> 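Can you read through this structure? Questions will come right after.
Predicted, not measured: the structure shown is a model, and the values here were computed from it. Computed over heavy atoms, backbone and side chain alike; hydrogens, waters and symmetry mates excluded.
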Amino acid sequence: MNNPAVQQYERALKPLLHGRAQRKSVLEDFHSTVKMVLADHPDIDYETLVKSMGTPEEYAANLQIDHPYQPMSLKKKLCLALVAVCCVVGGLGVFHLVTAESPETVTLYTDPSEFSHESIPDIPIALTDDFNPRDSSWGHPKECPAYIVEAHNENTVAAQVLIRYREDIEPHVFMVPPGETYIIVVNDALPGEHTIKFDAEDHTYVGYVEVYVSETPLP
């Protein structure tokens with residue numbers, strides 16, 4: 001309805017209504033009444049409209065009987081609140097599932113002859129270091145989906161090698177017997193800092209570790 005008087009009247013009427021249901025029903029009644037008024041007086045002005053329908057306050061008060069304001073019940077409010085909480089929790093759950101990182105995939109070789117990086121062309125070394133109490137680390141590049149860790153234990157006791165790459169994911173841990181070389185091949189590698197921690201029964205550090213990164217998944 002493009003009549004300025006009708007638009008002015010409606011603007012004055014809306015603040016007098018309460019709740020979406022009442023506002024909808026009263027405005028529908030108002031629009032039906034106004035159509036009949038405009039049919040006889042298409043260019044009606046505001047003062048004439050008020051004389052015909054009463055002031056917005058009077059019109060709203062009269063329609064309160066047929067269209068009473070019914071505030072939302074406590075039960076309905078609680079139900080809506082519960083639905084809102086479930087939507088938020090569900091959304092967070094979906095977000096976590098979508099964004100959560102999966103653990104790296106590990107294969108352990110206790111016999112170095114079963115797997116050797118020398119059989120893989122152009123695989124760069126990312127780290128070489130002695131077993132030590134200070135830990136060793138390398139920044140794994142995101143373009144490399146795999147890496148190899150070779151741990152050479154030259155001690156007379158077993159050595160533990162622990163590789164941590166995320167605080168919220170269990171680290172890779174394996175024990176290397178004295179005088180042995182163990183190899184782990186890791187696929188689905190996550191980018192970022194990887195830290196190697198060493199330990200032994202006698203707290204001595206005799207041996208060395210080598211890390212190689214691969215731009216392609218490894219068998």
Side-chain angles (χ1 to χ4, degrees), residues 80-219:
L80 289 177
L82 181 61
V83 170
V85 170
C86 290
C87 289
V88 172
V89 173
L92 291 175
V94 171
F95 176 79
H96 176 73
L97 289 175
V98 171
T99 59
E101 294 178 314
S102 299
E104 297 177 337
T105 305
V106 179
T107 304
L108 173 65
Y109 294 90
T110 58
D111 182 353
S113 65
E114 295 178 356
F115 187 95
S116 174
H117 69 272
E118 295 177 358
S119 62
I120 304 173
D122 302 325
I123 183 166
I125 187 167
L127 170 70
T128 179
D129 201 359
D130 294 330
F131 288 3
N132 61 81
R134 70 181 184 282
D135 305 335
S136 302
S137 64
W138 82 95
H140 194 79
K142 62 181 180 180
E143 64 271 13
C144 294
Y147 62 88
I148 302 166
V149 177
E150 293 190 8
H152 307 266
N153 182 15
E154 299 176 342
N155 203 348
T156 56
V157 297
Q160 175 182 275
V161 179
L162 181 150
I163 304 170
R164 181 169 295 282
Y165 55 100
R166 290 293 187 273
E167 290 297 329
D168 57 341
I169 301 179
E170 288 295 316
H172 311 312
V173 183
F174 59 100
M175 298 292 297
V176 186
E180 297 288 337
T181 295
Y182 276 15
I183 299 172
I184 66 167
V185 175
V186 179
N187 282 296
D188 304 316
L190 295 177
E193 185 175 35
H194 286 53
T195 301
I196 304 180
K197 297 179 178 294
F198 307 96
D199 197 10
E201 294 178 4
D202 59 358
H203 302 294
T204 58
Y205 304 90
V206 185
Y208 66 98
V209 66
E210 297 172 313
V211 178
Y212 301 86
V213 298
S214 175
E215 294 184 356
T216 58
L218 297 170

> Mind checking what makes side-chain hydrogen bond (donor to acceptor under 3.5 Å, both in side chains) contact with Asn187, not counting sequence neighbours?
none
> Using the side-chain contact (heavy atoms from CB on, under 4.5 Å) rule, take Ser102 and Asp188 through it: C-alpha gap first, then chi angles, then the decisive distance, then the call.
CA-CA 8 Å; Ser102 299; Asp188 304 316; over 6 Å; no
> Where do Pro145 and Pro217 come nearest, in terms of heavy atoms and distance?
CG-N, 3.8 Å
> So which heavy atom on Val213 is nearest to which on Trp138, and how close?
CG1-NE1, 4.1 Å
> Kindly determine whether Ile184 and Ile163 satisfy side-chain contact (heavy atoms from CB on, under 4.5 Å), including the steps that lead there.
CA-CA 11 Å; Ile184 66 167; Ile163 304 170; 3.5 Å; yes
> Check Ser137 against Leu127 and note the closest heavy-atom contact, atom names and distance.
O-CD1, 3.9 Å
> Mind checking whether Phe131 and Val209 have side chains closer than 4.5 Å, heavy atoms only?
yes
> If you take all heavy atoms of Glu201 and Val157, which pair is closest and at what distance?
N-CG2, 4.3 Å
> Quick check against the 3.5 Å criterion: does Asp111 have a side-chain atom that pairs as donor or acceptor with the backbone of Ser113?
yes
> Ring pair (Phe, Tyr, Trp, His ring centres under 6.0 Å): which pairs involve residues 168-189, sequence neighbours left out?
Tyr165-His172
> The test is side-chain hydrogen bond (donor to acceptor under 3.5 Å, both in side chains); show your working for His140 and Glu104 and say whether it passes.
CA-CA 12 Å; His140 194 79; Glu104 297 177 337; over 6 Å; no
> Is it the case that over 12 heavy atoms from other parts of the model lie below 6.0 angstrom from the CD atom of Glu114?
yes
> Evaluate the criterion side-chain contact (heavy atoms from CB on, under 4.5 Å) for residue pair Gln160 and Lys197; output intermediate values, then yes/no.
CA-CA 8 Å; Gln160 175 182 275; Lys197 297 179 178 294; over 6 Å; no
> Hey, is the main chain of Pro177 close enough, under 3.5 Å, to the side chain of Asn153 for a donor-acceptor pair?
yes
> Closest approach of Val185 and Pro219, non-hydrogen atoms and distance?
CG1-O, 4.0 Å
> Below 4.5 Å, heavy atoms only, C-beta onward: do Val176 and Val161 meet side chain to side chain?
yes
> Determine, using ring centers only, whether Phe115 and Tyr109 are less than 6.0 Å apart.
yes
> With Thr204, which residues qualify under side chain to side chain contact (heavy atoms under 4.5 Å, CB included), at least two apart?
Asn155, Asp202
> Given side-chain contact (heavy atoms from CB on, under 4.5 Å), test Ile196 with Asp129 step by step and report yes or no.
CA-CA 10 Å; Ile196 304 180; Asp129 201 359; over 6 Å; no
> Rounded to the nearest 0.5 Å, what's the gap from OG1 on Thr107 to CG on Leu218? Could you check?
9.5 Å
